[in-house]
Amino acid sequence: MITGIVAFFILTIAAMLLYVLSTVNWSTGGSEFKIPVELDLKAVHWSNYFSGPVVKGFLFFDLVMGLFLLDNYLRRKIVAKGQ
């Protein structure tokens with residue numbers, strides 16, 4: 001069962017890798033990449049990145065992780081008290 005799951009994921013990753021490598025334009029010449037000296041932070045629309053659903057998703061993830069850590073801490077405390 002496990003080998004079948006592993007084989008499925010390996011085949012899926014191999015297929016995606018072959019697809020990506022086949023769609024790359026290898027004929028583009030030149031390896032010049034210029035980094036801009038000054039970054040214009042005003043051109044970035046921060047409201048697109050920090051919209052309501054994104055912030056709510058981040059806070060939900062933090063809440064779940066906090067509850068998980070609190071549960072782990074309380075379980076260790078109970079186990080230590082019982083010994």
Quick one: pull up [atom1] in [X] and [atom2] in [Y] and give me the separation to the nearest 0.5 Å.
| X | Y | atom1 | atom2 | value |
| --- | --- | --- | --- | --- |
| Leu17 | Thr12 | CG | OG1 | 12.5 Å |
| Phe8 | Ile13 | CZ | CD1 | 10.0 Å |
| Met65 | Asp62 | CE | CG | 9.0 Å |

ask   = Should Ile2 and Ile10 be regarded as members of a common hydrophobic cluster, given that ILVMFWY residues are connected when their side-chain heavy atoms come within less than 4.5 Å of each other, either directly or indirectly?
value =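 Cluster IDs for Ile2 and Ile10 match.
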
